[in-house]
Structures are given as structure tokens and as C-alpha cells.
Amino acid sequence: MIRFLRDWINDRTGLGRVIDALLLEPIPGGAKWRYVWGSALAIVFGLQLITGVLLMTSYSPGDTTAWSSVYFIQYEMDFGWLIRGLHHFGSQTMVVLMGLHMLQVVIAGAHLKPREVNWWLGLGLLAVVLGLSLTGYLLPWDQKGFYATQVATNIVGGLPGVGPWLQKIIVGGPSYGNHTLTRFFALHVAVLPGLAILLLIAHIWVFRRHGVTHPKNAEGTGWFWPDQAFRDMVVGLVIFGIMLGLVVYGWGNKVEPGLEADGATPTRSIYDRIAHAGRDGLGAHLDAPADPNVPYPARPEWYFLFLFQLLKYFEGDQALIGTVVIPGAVALILFVLPWLGYGRLRPVGHFAAVLFVIALLGGAAYLTVQAWVEDQRPDTLEKQPYAILKQVVAAQRYDADKASAFQKELEHAEVRARRAVQLAAAGTPAIGSRYLLRNDPMTAGKELFRSQCATCHSHEDPLAERHQPKAMNDHPSAPDLTGWGSKEWLHDFLLNADGARYFARTHLKGGKMSKWSAKAREKAANDPKFSEELDLIASWLATHPRHDPPEEKADDLQARGFRAFDRHCSECHSYRAETFDELEAPDLAGYGDARWLREMIMNPQHPTKYGRNNQMPGFRDINSAAASVLEEPFREAFKSALANAGDDAEKKEFVKRTHQVNPLTHLERELIIRFLRRDGRIVHGGDPISD
Ligand code: HEC
Ligand code: HEC
């Protein structure tokens, strides 16, 4: 049956002759393991084409969509992690194999007459493959690729004469952005692969014309099929195995699984665990979405590091030596290498070529290690085997401060990357993936808190990494707000309001609450019943109650909590918006919820907040068109607080302290509110959406 089918196809198409021509290639001297590199490259290239097309089925090139589509591939698409991982490491494998192939070629003298043309075709392929890596690096549109590629295009722009013009063409206009992405995409999926395929066909065609370069006294003849093909396949499989190992090793960030209603982690089927292994961190890394507003410690992909390092030696006027002269000279020498092999010059030319390529690869390796060492933290370099590396290479150039700063930035970037992945699991804003972090309370909200509030308040950075400081402010003048409004915070506050963490550092030092708290601490230590009551009040207040006081008889937390509050706190604190001026203490209805905080931020001198005792500036949107209308109620609150302040000196002091209002948009405020309330959901707009 099979034979019939084969004969039928062969008879109608003549396919058999083509296959024979492809496979029945004589190899003088027999098949050799060292001939495998070219085929290995072809195999990996084929794999790149396949995985590349699969990636294209889901990738969406565009400023707002690219990152999310790669997120989708990596974390949601069935086996997307595997496809992307193989493509990612496939590109690096190609670069490594190129180096090995080139080395083998010059050692065998296969670049010499009559194979010059094939050498040049090979160089062309090398350039195209490097171009494919460079363009591919940008496509995820993450911070890493975005900034690395910007460095590359800036280098192009620095070339003499054509530079600026060339840069404009590549970048797709005067500035780097969406058009750069679409252009790189076109290059990456159409122009360069097409060119690579044409060059590859020509390369193999010309190679077949002259056959392998075998030793002169080679005996016997082997055949491509099956002798050499077998070796090629074995090596191909080993390489594939290594690539697979790298993918499975896992370089990505995990998605923290959600919790089920009962607090347990949801169970996943075996299929789900394999098909979506990206969620467990397997596959390639994905950095935070590209954002021109957020700087990034840019470095090129590792196989371009040597070039990057080379540029460091030539700064200012000399930059062209690193960008043009040396790379140009290397390219030129590579180009003319075959011509050193004519006539009696051949052995010399051959030897020189081997020497040159080894020096080239060795030099690149050296520069790569040096670049790496210069970026490492001092304590990393103290450990073996890195200590040896440091001695071998960058010892004098090494700058510990610079390296540490770089690592810190990298760590910071990694916090963002991890966070972006968590957020994307809940969906990406339609306005673009970069708004994942721009509108993230734990990222943008935290930074706003740091710049607006942590000038007075202290707070711990919940996402601080090992080498980053946890405290946001070392000399606070306002209460610590880490965990503000939670049961733990309230409990600690009630017993230590006079302490260093709270009011001792403020103008409220020695105030009513401080005094009360000092007494309460003493009492709680001796009176278990009172201590329990405080617990109860903290638990109750942590639910941010706003409702009417519950019925007298009820026995739930709300009722018992309210009764305890009534017994111990209502002497000073109102519940439900009575004014400050009567009691001199903030109203506690809804204390700790978003609305309470919103009011506090916008208008801390409001009668339900700190009134005339306030020292905190208000934060409002005073720059918008509507601001002047909306300011009226705030002015009223200010006037009444002023009227209630004591004598003239006190009034003057009050005006000085709080008349000032800091501009803060609605979006910014909501970001801060969610950050303080440990609510990590993205803020999708500027309005108070929901508490
Ligand atoms: C100029 C210093 C200063 C800045 C800036 C500041 N605060 Fe305050 N904040 C205070 C002081 C002082 C208090 C104590 C009450 C008062 O004086 O009104 C306070 C009280 C608070 C409280 C009440 C909690 C408590 O324990 O009493 C909250 C919540 C708060 N601030 C949040 C913020 C937020 C959010 C920001 C940033 C938008 C901010 N603060 C900016 C000084 C500041
Ligand atoms: C003797 C009066 C008094 C009593 C009793 C009292 N407080 Fe206070 N409390 C104040 C004052 C006044 C302030 C404002 C800070 C200051 O001036 O000391 C305050 C501040 C607070 C704050 C910080 C408010 C903010 O803006 O963040 C909380 C929370 C608080 N009290 C809770 C309680 C609770 C709960 C009780 C009862 C267990 C209680 N207080 C009992 C007077 C009192």
C-alpha cells in the first residue's frame, strides 16, 4: 500500500528524483561529526520559522497591545510558554552555532578558493541572523527590549552623514515608538526571514557544488543519507534537548494563583499545569510593559554585550572608533579572508584566518565577561568562581558604586516586571498595557505616596527587595501609616498613640489621645476585661462601620463593638459626623475606609477630621477647569476652622500651616487611597469608582 502510494506520487510528480538529489550526496572521506554545524543551524532555523509562525498567530504588534499579547502567549495560550521559550532560546542558540560553524569552516579552510562565494553568503547569513535577534528583542514591547533597542537605534543615529537619516527610517519618524515597533515587526517576520531563506538556499546550493572540505588524503566515500544525516539528527536532537532544558528551567515570573472561597489554592489538572506552565515561571522572561516615562538600566542581549563593552572604551569624540571603525574593520577583514588563500600564500592565509577568527571570538568572549563583571554587585564578585573572573578581567575598571546602583535599578525593574504579570492576570486596560503599572496602586500609588505623603508620614515599602530600604522616610513628622486602618494598626495605635510611631513625632504629642492612650496601656496590662474591650473596638473599627448604631440587644460584632466604643471613646470621638469643634477629636464613622481617607486627604481641616487642630496640608485637584467651582466648600471648611482657632497668634499659625493646598489629580488621589488601604486593584479612571 505504502509502496503503491509512493510510486503513484513519484510517477505523477517526479518527487523521488528531487529527494534523491537532495539526500544522495556523496561525502568524500566519509561522514564526520564535525560537519554537523551547518545542518544544526538549518534545523534550528527551521524550528525558528515554525515557532515564529505560531507566535504570529497571537502576537499583535502595536504600542497598546504588543505586551499584552505576549503576556497572553506566555501565560494563557496553550503551550504558548513552550513555543515562545523555544523561539527565545532558539535565537540565542543560532548565534552560538554561528560562532561554532564559522570556527569549523576556517579551521577546515572551507572559506578558501573555490568556496569564497559561499563564505560571503555565510557572512550575509550571519548579518541577517543578528538582525533577526535585534529586531526580535523589541517585539515583546517590554522595558528591556524597548530600552536596549533605543540604545541601538541611537548608535545608528550617531553614524556620520547618513546616521540621522537612517535612524529616522528605522525608527519610523522623529521619535521612537509605535512605528518603530511596526517596522521592526515587518523586518522580523517578512524581510529578514525572506532574505535568510534566499541566502540559505544559495548557501546550500553553492555548498553542494563544491562539497565538504575534506582532508586531502581522505579515503572512501560516505553518503549524506544516512551517514551524515544520522549525525546531524543526533546533534540536532541534543541541541533541541538543551533548548528545551533552558525553557523548562524557567526564567519567567510566576502568577500567584487566586484563592478559592475557602482560602485554598485551586487545584489544576495535569493538562492545565503543562499547557500553562508559564504560570509557574517556566519559559522566557517578560519584563514590565514599555513605558517611556520610566527609566530602565538598559543592556543589550548577552551576545551583543561585547559590542556594548567596546563602546565604553571610546567616549565622546572617539565614539566612532567603537561604532564604526572597529566593527567596520572586522567586517572588512572577514570579507577579504578568502583572498588570502591564493597560490603559495594559502597555508599562511589559512593560518591567519584561523588565528583571526579565534582572536575575534576570544576577544568577544573577553569583552562579554568584562561587561558582565562590571555590572555585578561587590558581594557577588567576592564569591567563587566570579572572584577569578574579576581578577582576569575588569579589576581596575570595576566601580563598586556604579555596579551596585545598576543592580538596584535592575531589582527595581524586576519588582515592576513581577507586579505587571500579576496585574495582567486580571485583565489589561484597553488604553494600553503600560497603564497596568501607571494605574497600579502598589506601583504608581506607592510612588505618589512616597513623593506626596512620605515627606511627613512613614510607611514600609511592601514590595521592597532584599537590597532596597524598607522604610520610605527616615525622619517622619507624622504617624506611621503602614497597615493604617487595619485591626493590627488600630490595636497598636490605641495602646501606643503617645509612642514614637504615632503622635510623639507630631504636634499632637501630649494631646488628648496620647494621654488617654498612656493610661489605657497601663489599665490594659492589669485589667484583662478592658484589654478585651480594646480588642473588640479595634476589630469593630477595622470593619469601617458607617451604619446606624445597631439595636441594643443584638450580639454581633457591630453591636458589641459599637457599645464598647460608646463606653470608652465617645466622650471625645463622635460617630456619624458631629463636628470636631465640640469634641476636639476626629469623627470615626467609616474610619479607615476609602471615603474617610478621601475626605482626610482633600480636606483635613474639615470639621469631621482635624478641624482647627489640623497641620496636614490638603491635596486636591486645583488645576482642572472645574476646580474653582469645586473649591467653594473647602474654603468654607477652612473659614470655620479658622474661626474656631484660639487667639490671633494661633490663627496666624493655623493659616501658615494649612492654607496651602497641594495639587493632586483625582486619579493620583485614588491611587494613594488604594495603596494605603492595601487594595491592589488597578484604578481605571479618575473618579471614586467603588470603595
Ligand atoms: C506636611 C506633613 C504631611 C503631609 C505631606 C501629609 N500628612 Fe497626613 N498627617 C500629617 C499630620 C501632622 C497628621 C496628624 C493630624 C493632623 O495634623 O491633621 C496627619 C494625619 C494623617 C492621617 C490620619 C491618621 C492618623 O493616624 O492620625 C492620614 C490617614 C494621613 N495623614 C494621610 C496622608 C496622606 C495620604 C498624605 C499624602 C497625600 C499625607 N497624609 C500627607 C502630616 C502630613
Ligand atoms: C480623651 C479624649 C479621647 C478619648 C477617650 C479617645 N480619643 Fe481618640 N483621639 C482623641 C483626639 C483629641 C485625637 C486627635 C489627636 C490628638 O489631638 O491627640 C484622637 C485620635 C484618634 C485616632 C486617630 C484619628 C485619625 O485621624 O486617624 C483614632 C483612630 C482614635 N483616636 C481612636 C480612638 C478610640 C478607638 C478610642 C476609644 C477606645 C479613643 N480614640 C479614645 C481623643 C480621644
Side-chain angles (χ1 to χ4, degrees), residues 445 448-459 472-473 476-487 489-498 501-520 523-524 530 533-542 544-545 561-562 564-575 580 583-588 591-594 596-606 608-620 641 654 657-658 660-664 668-677:
L448 282 163
F449 183 89
R450 195 194 294 279
S451 61
Q452 303 292 327
C453 320
T455 42
C456 301
H457 292 281
S458 58
H459 196 293
M472 287 194 193
N473 178 359
S477 60
D480 187 274
L481 297 179
T482 316
W484 176 78
S486 68
K487 181 179 177 228
W489 187 92
L490 277 159
H491 193 254
D492 192 54
F493 172 79
L494 290 182
L495 291 174
N496 301 292
D498 57 334
R501 231 188 123 194
Y502 304 104
F503 288 153
R505 52 171 80 154
T506 72
H507 65 109
L508 301 170
K509 184 176 174 183
K512 278 188 181 172
M513 188 68 201
S514 296
K515 286 200 185 112
W516 182 86
S517 182
K519 268 190 243 140
K523 196 168 169 204
F530 178 68
E533 295 258 279
L534 286 191
D535 255 4
L536 180 61
I537 294 172
S539 305
W540 172 70
L541 259 189
H544 324 307
F562 179 75
F565 167 82
D566 204 28
R567 272 197 293 283
H568 299 290
C569 322
S570 63
E571 166 197 339
C572 306
H573 289 284
S574 63
Y575 176 77
F580 177 91
L583 300 169
E584 293 198 356
D587 184 82
L588 293 185
Y591 183 72
D593 71 4
W596 197 98
L597 187 51
R598 198 172 290 129
E599 288 165 359
M600 179 72 195
I601 293 174
M602 294 177 82
N603 197 13
Q605 63 220 342
H606 191 271
T608 61
K609 299 296 174 294
Y610 277 82
R612 67 192 130 89
N613 274 1
N614 175 50
Q615 282 217 351
M616 171 167 143
F619 293 83
R620 296 194 289 278
F654 178 78
R657 284 193 314 250
T658 50
Q660 143 216 23
V661 178
N662 296 334
L664 193 73
E668 289 168 334
R669 183 191 63 238
E670 295 307 310
L671 284 168
I672 292 178
I673 290 176
R674 288 204 179 165
F675 167 71
L676 255 191
R677 302 191 67 242

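For clarity, every value in this text was computed on a predicted model and none was experimentally measured. Counting starts at 1 for both ligands and their atoms, following the listed order.
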Supply the atom-to-atom distance [X] [atom1] to [Y] [atom2], rounded to the nearest 0.5 angstrom.
X      : Y      : atom1 : atom2 : result
His491 : Leu541 : NE2   : CG    : 12.5 Å
Glu668 : Arg620 : CD    : CZ    : 15.0 Å
Leu448 : Glu670 : CG    : CD    : 12.0 Å
Leu490 : Trp540 : CG    : CH2   : 10.5 Å
Leu494 : Asp535 : CG    : CG    : 9.5 Å
Phe503 : Lys515 : CZ    : NZ    : 13.5 Å

Among side-chain atoms of Asp566 and Tyr575, is any donor-acceptor pair under 3.5 angstrom?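 Their side chains do not contain a donor-acceptor pair, so the 3.5 Å distance test is not met.
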Partners passing salt bridge (Lys or Arg N to Asp or Glu O under 4.0 Å) against Arg505 (at least two apart in sequence or in another chain):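 Per chain and number, Arg505 pairs via salt bridge (Lys or Arg N to Asp or Glu O under 4.0 Å) with no residue.
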Just jot down the salt bridge (Lys or Arg N to Asp or Glu O under 4.0 Å) partners of Arg450, sequence neighbours excluded, or say none.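 Here the qualifying residues are Glu447, Asp461.
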Short N or O distance, [X] and ligand 2, threshold 3.5 Å exclusive:
X      : result
Tyr610 : yes
Glu571 : no
Met513 : yes

Looking only at heavy atoms, what is the nearest atom pair of [X] and [Y], with distance?
X      : Y      : result
Gly445 : Ile672 : O-CG1, 4.2 Å
Arg612 : Ala641 : CB-O, 3.5 Å
Leu495 : Ala524 : CD2-CB, 4.0 Å

Expected output: side-chain [X] to main-chain [Y] donor-acceptor under 3.5 Å:
X      : Y      : answer
Asn473 : Ala454 : yes
His573 : Pro586 : yes
Ser517 : Ser514 : no

Part of [X] within contact of ligand 1 (heavy atoms, under 4.0 Å):
X      : value
Pro617 : side chain
Asn614 : both
Trp484 : side chain

Does some non-hydrogen atom of Trp489 fall short of 4.0 Å from ligand 1?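 Yes.
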Please confirm whether Lys609 approaches ligand 1 to less than 4.0 Å, judged on its heavy atoms.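 Per 4.0 Å heavy-atom rule, Lys609 does not contact ligand 1.
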Taking both backbone and side chain into account, is any N, O or S atom of His573 nearer than 2.8 Å to atom 8 (Fe) of ligand 2?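 True for His573.
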Just which atoms of ligand 2 are under 4.0 Å from any heavy atom in [X]?
X      : value
Phe503 : 15 (C)
Leu494 : 32 (C), 33 (C), 34 (C), 35 (C)
Tyr591 : 23 (C), 24 (C), 25 (C), 27 (O), 29 (C)
Lys512 : 12 (C), 18 (O)
Leu541 : 35 (C)
Leu508 : 15 (C), 16 (C), 17 (O)
Cys572 : 1 (C), 2 (C), 3 (C), 4 (C), 5 (C), 42 (C), 43 (C)
Ile537 : 35 (C), 38 (C)

Is the shortest N/O to N/O distance between His507 and ligand 1 below 3.5 Å?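 For ligand 1, there is an N or O atom that lies under 3.5 Å from one belonging to His507.
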Would Gln615 count as a polar contact of ligand 1, with the cut-off being nitrogen or oxygen pairs under 3.5 Å?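 For ligand 1, there is an N or O atom that lies under 3.5 Å from one belonging to Gln615.
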Show your reasoning for whether side chain to side chain contact (heavy atoms under 4.5 Å, CB included) applies to His606 and Glu599. CA-CA 8 Å; His606 191 271; Glu599 288 165 359; 5.9 Å; no
How far is atom 41 (C) of ligand 1 from the closest protein heavy atom, and which atom is that?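 Closest protein heavy atom to atom 41 (C) of ligand 1: Phe619 CE1, 3.5 Å.
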Starting from atom 5 (C) of ligand 1, which protein heavy atom do you reach first, and at what distance in Å?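 For atom 5 (C) of ligand 1, the nearest protein heavy atom is Gln452 O, 3.3 Å.
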Using a 4.0 Å cut-off to any heavy atom of Thr455, which atoms of ligand 1 qualify?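 Answer for ligand 1: 5 (C).
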Atoms of ligand 1 close to Leu597 [distance to a heavy atom under 4.0 angstrom, numbered from 1]: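 What qualifies from ligand 1 is 29 (C).
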Which count of protein N, O or S atoms is obtained for distances strictly below 2.8 Å from atom 8 (Fe) of ligand 1?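 There are 2 of them.
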Option among Val661, Ile601, Asn603 that satisfies the side-chain contact (heavy atoms from CB on, under 4.5 Å) test with Phe619: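 Answer to the side-chain contact (heavy atoms from CB on, under 4.5 Å) test with Phe619 among Val661, Ile601, Asn603: Ile601.
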Heavy atom of Trp540 under 4.0 Å from ligand 2?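 Distance cut 4.0 Å: Trp540 fails for ligand 2.
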Check: residues 478-487 side-chain donor-acceptor pairs under 3.5 Å, at least two apart:
residue, atom, partner, partner atom, Å
Asp480, OD1, Thr482, N, 3.0
Asp480, OD1, Thr482, OG1, 2.9
Asp480, OD1, Arg501, NH2, 2.9
Asp480, OD2, Ser458, OG, 2.6
Thr482, OG1, Glu460, N, 3.0
Trp484, NE1, Tyr591, OH, 3.0
Ser486, OG, Gly483, O, 2.7
Ser486, OG, Trp489, N, 3.2

Tell me which part of Cys569 gets within contact of ligand 2: side chain, backbone, both or neither, using heavy atoms under 4.0 Å.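 Cys569 to ligand 2: contacts from backbone and side chain alike.
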